Amino acid sequence: MRFLLRLPQTHLRKLCCSMSVLMGSKQFLEFCLLPSSFAASSSPSHARGVQRQLSSVSRRFRPVLASRPVSKSSPYHQRPNGVSPYTSISRAPNPVDLEDGAVQSRLANLRLKLAENGIDAQNCPSGQYSGLICPECEGGDSGEKSLSLFIAADCSSATWNCFRGKCGLKGGVRVDGRFTTSVVPAEKVERKVSVESLELEPLCDEIEDYFAARMISSETLKRNRVMQKRIGDEIVIAFTYWQRGELVSCKYRYLTKKFFQEKNTRRIFYGLDDIEKASEIIIVEGEIDKLAVEEAGFRNCVSVPDGAPASVSSKETPPEDKDTKYKFLWNCNDYLKKASRIVIATDGDGAGQALAEEVARRLGKERCWRVKWPKKSDDEHYKDANEVLMSMGPHSLSEAIRSAEPYPIQGLFSFKDFFDEIDAYYHRTHGHEYGVSTGWKTLDNFYSVVPGELTVVTGVPNSGKSEWIDALLCNLNHSVGWKFALCSMENKVRDHGRKLLEKHVQKPFFDADYGRSVPRMSVAELDEGKLWLDDTFTLIRCELDSLPSIGWVLERAKAAVLRHGIRGLVIDPYNELDHQRTQRQTETEYVSQMLTKIKRFAQHHSCHVWFVAHPKQLQQWDGGPPNLYDISGSAHFINKCDNGIVIHRNRDEKAGPLDLVQICVRKVRNKVAGQIGDAYLCYDRATGLFSDSPITPEKPERRSSRRP
């Protein structure tokens, strides 16, 4: 041991620390921490004291060294001279300087790789453990930060582990890509439990009195084998979970409404054996609700084991092997698949409704019914089955369950869902059930404007289609205050504004020949008219070089409904829209889909749509009005529209006045709103106004060379 006394003080300390780390010796640590004056003393008495101290420590090491052979290649192998060549331990590396550009780059790349695995590590430092929300289990119902993430100090790698037993997400990633994420589900062995192993016992009087206050009888408690367990000085309720006579799990409830379950046991419905042969089952949210439903006369009832989620998941339903939250449904699938009717009677709060949705979309909404709990007050309902039992009695609880309604399925309705709307229609609550008057008595007999309908307007060029629609819009605004969106692609804005102003002010815009002797509108009338224009109409115009599609137009119209409250939309004309379609799609199929989109927009927004479509070039035209089947593109224009109108202007002086306009109503789907027939209006060229014609000319025998 004398060689130790001859070593420099620093070497002696390093040797002691090294040996203490290797052997775990407390005495060596104490020695290395001795005052330097003591360690450096060279007096004989001091040397003998040090020798005795080291000799004592050396004797303490002997069993440790003898218990494990040391390789000759090991630096700790005892050499003949008794001195180990390893006399010091390596100095600990300095902390990584995060200002170093290379390290920062590695950290950024590492965070990107973590993000690809759903882990947000932007605020996680290197060299430390960070708690995060697990991307797999999302922290369970409590949303706890169960994922432990560690980023290496040199930012070269990261590892993570979710410590929730129901998840088991583990993985790692390196910047150099040598190993990547791996999800290792936690391997759990299902525990076997029994009444004896769980130390369960029959209910005491105090617990039975607790249930009696909730109107749960002792007979119901015994049949469902509700027991108790002593935990310290407290007694907790034990809801035992049985499957075909075997106890598989147990859930405990403190009287303070705190719950916990036996770990690593099978997750099933509470009361599962009660639905083994049932074709109709009832699912509730808690064990006490299951007992309450039994008091109302229904034994074919089960309760979910884990309560309700905070909200409906926005993700798609996961496959069976990954659906950990609702594993109890898959474990009980043999029981559930036999049921043709499943009544979901979860709590009435938001979490209960979220649970109902999650259960229904896994079991199939087509065989699910939903219970709506009775009203407690004008603006509040009872929360759950036990509350109804306690407040209203078993009969009311039974009635609520028997009155369950089919679970809503998107796109599937019953007439009962629309009874309020039918009542309003019958009593004409909205005021437009017969349609809105056009402003022309002769035309009202055949056509009126109903919100939510589609009117297709056609006619040969220069017959006055756009002029008539503009006049109709002005009449509707003056009579009922409707506002409109105009997608008129054949008109310049200034020209369209002039036409509308002339109809509103009832004076010509210019002092020109078409105005004849009618005085031009004044500047004051123009200014008032401009305010009216801006308040009544919204313009939909595509300023790009390309033509607008029908989808683009309807998107802007939807915005106009929400922003300006429009009640009518004009699309004029069809051939100015972009009609790109796939090679396999015919024009007939395209027109059908386009008109369907327009009708859905009209119905959804209660907005009347006028759609102008030109007829195809008529061969051997005899001057009469065309037919709706003459519209260029497809017969679907007449098949799908609610109303079909042909505008025709007289061009023959022998047939009548040249200002006579024939409004041919060729289709009316809603008999309440009109009927097929012809009305005649007179057109005032100076103001652009239309008025009822006192003349009804005789109809010609032949209108067109096309089929009628």
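Only a predicted model underlies this, so the values are computations on that prediction, with no experimental measurement involved. Computed from heavy atoms alone, side chains included, the values below leave out hydrogens, waters and symmetry copies.
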With rounding to the nearest 0.5 Å, note down the distance linking [atom1] in [X] to [atom2] in [Y].
X	Y	atom1	atom2	answer
Thr220	Glu295	OG1	CD	3.5 Å
Gln228	Ile237	CD	CD1	9.0 Å
Ile207	Cys204	CD1	SG	4.5 Å
Ser303	Ile282	OG	CD1	12.5 Å
Ile281	Phe298	CD1	CZ	14.0 Å
Asn117	Leu169	CG	CG	8.5 Å

Take the angle between the ring planes of Phe150 and Tyr129 and call it parallel below 30°, perpendicular above 60°, tilted in between. tilted
What is the ring orientation for Phe260 with Tyr254, classed by angle as parallel under 30°, tilted 30 to 60°, or perpendicular over 60°? tilted
Atom of [X], atom of [Y] and distance for their closest heavy-atom approach:
X	Y	result
Ile275	Cys301	CG2-N, 4.1 Å
Ala121	Leu114	CB-CD1, 3.5 Å
Cys162	Leu147	N-CD1, 3.8 Å
Trp160	Ile119	CD2-CD1, 3.6 Å
Trp242	Ile268	O-CD1, 3.7 Å
Ser126	Ala153	OG-O, 3.8 Å

Taking the side chain as C-beta and beyond, is there a heavy-atom pair between [X] and [Y] under 4.5 Å?
X	Y	result
Pro309	Leu355	yes
His608	Arg567	no
Leu329	Phe269	yes
Asp323	Arg362	yes
Asp384	Val284	no
Thr324	Cys137	no
Met392	Trp373	no
Lys640	Ser592	yes

Quick check on [X]: does its [atom1] atom have over 12 non-hydrogen neighbours (other residues, nucleotides or ligands) under 6.0 Å away?
X	atom1	answer
Arg600	CZ	no
Asp423	CG	yes
Asp209	CG	yes
Lys327	NZ	no
Glu399	CD	yes
Lys338	NZ	yes
Arg402	CZ	no

Determine, stepwise, if the pair Arg191 / Asn264 fulfils side chain to side chain donor-acceptor pair (under 3.5 Å). CA-CA 6 Å; Arg191 290 173 53 209; Asn264 297 332; over 6 Å; no
Begin from the C-alpha positions of His381 and Lys375 and carry the test side-chain contact (heavy atoms from CB on, under 4.5 Å) through to its verdict. CA-CA 4 Å; His381 288 77; Lys375 278 191 172 183; 3.4 Å; yes
Decide, yes or no, whether a salt bridge links [X] with [Y] under the criterion of side-chain N to carboxylate O below 4.0 Å.
X	Y	result
Lys365	Glu357	yes
Asp274	Arg299	no
Glu201	Arg230	yes
Arg361	Glu316	no
Lys383	Glu387	no
Glu138	Lys325	no

Quick one: do Leu291 and Tyr270 satisfy side-chain contact (heavy atoms from CB on, under 4.5 Å)? Show the steps, please. CA-CA 10 Å; Leu291 303 178; Tyr270 176 68; 4.2 Å; yes
Please lay out, stage by stage, how Lys192 and Glu246 fare under the test salt bridge (Lys or Arg N to Asp or Glu O under 4.0 Å). CA-CA 10 Å; Lys192 297 293 183 181; Glu246 176 188 1; 3.7 Å; yes
Starting from the C-alpha separation in whole Å, work towards a yes-or-no answer on side-chain contact (heavy atoms from CB on, under 4.5 Å) for Met594 and His636. CA-CA 10 Å; Met594 177 191 65; His636 281 303; over 6 Å; no
Any donor-acceptor N/O pair, [X] side chain to [Y] backbone, under 3.5 Å:
X	Y	result
Asn109	Arg106	no
Asn386	Arg214	yes
Arg244	Asp273	no

Report the residue from Pro394, Pro374, Ser398 that forms a side chain to side chain contact (heavy atoms under 4.5 Å, CB included) with Val388. Pro374
Do Val343 and Glu280 pass the side-chain contact (heavy atoms from CB on, under 4.5 Å) test, and can you show the C-alpha distance, the side-chain angles, and the key distance before you say yes or no? CA-CA 8 Å; Val343 178; Glu280 178 177 332; 4.1 Å; yes
Applying side chain to side chain donor-acceptor pair (under 3.5 Å), run through Ser313 and Glu358 and close with a yes or a no. CA-CA 8 Å; Ser313 174; Glu358 294 288 2; 4.7 Å; no
In sequence, state the C-alpha distance, the side-chain angles, and the governing distance for Glu219 and Arg223, and then conclude on salt bridge (Lys or Arg N to Asp or Glu O under 4.0 Å). CA-CA 6 Å; Glu219 290 79 10; Arg223 200 194 73 81; over 6 Å; no
Does the cation-pi check pass for Arg428 over Tyr434, that is, NZ or CZ under 6.0 Å from the six-membered ring centre and within 45° of its axis? yes
Could you work out, with side-chain hydrogen bond (donor to acceptor under 3.5 Å, both in side chains) as the rule, every residue matching Arg563, not counting sequence neighbours? none
Report the residues that fulfil salt bridge (Lys or Arg N to Asp or Glu O under 4.0 Å) with Lys251, sequence neighbours left out, ordered by chain and then residue number. Glu287
